[in-house]
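Notes for the one structure printed next.
As a basis for the values below, the full set of heavy atoms in this structure was taken, side chains included, without hydrogen atoms, waters or symmetry mates.
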Amino acid sequence: MSELAVSIGQLIRSDRESKKISQESLALQCGIDRSYLGRIERGEVNITIKKLYEIAKVLNTDPKIFLP
């Protein structure tokens, strides 16, 4: 688990929760499994740039806010 992956995951989770979107709903809209989104939010996987942009689009957020 890298520090960067953990930071990005925490920022995604925080943004998702502030918008009151469930993990399951976000995962479905992004075309990924809910468990994989959970692993992203915990920083257990290295997210691709493409997936970061997809998540940001669904959350209606500028992707750069996820970069610490």
Side-chain angles (χ1 to χ4, degrees):
M1 224 182 313
S2 78
E3 218 173 288
L4 180 60
V6 171
S7 294
I8 290 171
Q10 289 171 344
L11 291 166
I12 290 171
R13 175 179 284 154
S14 175
D15 191 49
R16 175 183 61 76
E17 289 176 343
S18 75
K19 293 178 178 167
K20 307 222 184 303
I21 298 173
S22 70
Q23 222 180 39
E24 187 169 343
S25 176
L26 179 57
L28 183 64
Q29 292 177 65
C30 291
I32 60 175
D33 190 69
R34 189 215 45 84
S35 63
Y36 182 65
L37 179 59
R39 293 178 65 211
I40 290 170
E41 290 185 350
R42 290 188 301 276
E44 296 174 356
V45 295
N46 287 321
I47 186 172
T48 64
I49 296 297
K50 181 179 179 183
K51 196 55 63 183
L52 182 72
Y53 271 77
E54 289 173 12
I55 290 170
K57 182 178 180 181
V58 171
L59 291 173
N60 196 29
T61 302
D62 189 340
K64 70 181 176 188
I65 73 148
F66 298 137
L67 301 175

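- Atom CZ of Arg34 has 12 or fewer neighbouring heavy atoms from other residues, nucleotides or ligands inside a 6.0 Å radius.
- Of the charged side-chain nitrogens involved, at least one lies within less than 4.0 Å of a carboxylate oxygen, so that Lys51 and Glu54 count as a salt-bridged pair.
- Going from atom CD1 of Ile8 over to atom OG of Ser2 covers 7.5 Å, rounded to the nearest 0.5 Å.
- The cluster map of Ile, Leu, Val, Met, Phe, Trp and Tyr, joined by side-chain heavy atoms under 4.5 Å apart, puts Ile40 and Leu11 in the same cluster.
- The side-chain hydrogen bond (donor to acceptor under 3.5 Å, both in side chains) check on Ser25 picks up Gln29, with sequence neighbours excluded.
- Within the structure, salt bridge (Lys or Arg N to Asp or Glu O under 4.0 Å) contacts touching residues 20-33 (residues at least two apart or in different chains) do not occur.
- Between Ile12 atom CD1 and Leu26 atom CG the span is 8.0 Å, to the nearest 0.5 Å.
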What donor-acceptor contacts under 3.5 angstrom involve side-chain atoms of residues 60-68, with partners at least two apart or in another chain?
from	atom 1	to	atom 2	distance (Å)
Thr61	OG1	Asp15	OD2	2.7
Thr61	OG1	Lys19	NZ	2.5
Thr61	OG1	Leu59	O	3.1
Asp62	OD1	Lys64	N	3.2

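- The backbone N or O of Ile21 sits less than 3.5 Å from a side-chain atom of Arg16, completing a donor-acceptor pair.
- Under the 4.5 Å side-chain heavy-atom criterion for grouping Ile, Leu, Val, Met, Phe, Trp and Tyr, Ile47 is not connected to Val6 through any hydrophobic cluster.
- Note that CG of Leu37 and CZ of Arg42 are 9.0 Å apart. Values are rounded to the nearest 0.5 Å.
- Closest approach of Val45 and Ala5 over heavy atoms only: O-CB, 3.8 Å.
- For Ser7 (side chain) and Glu3 (main-chain N/O), a donor-acceptor pair under 3.5 Å exists by modelled atom type.
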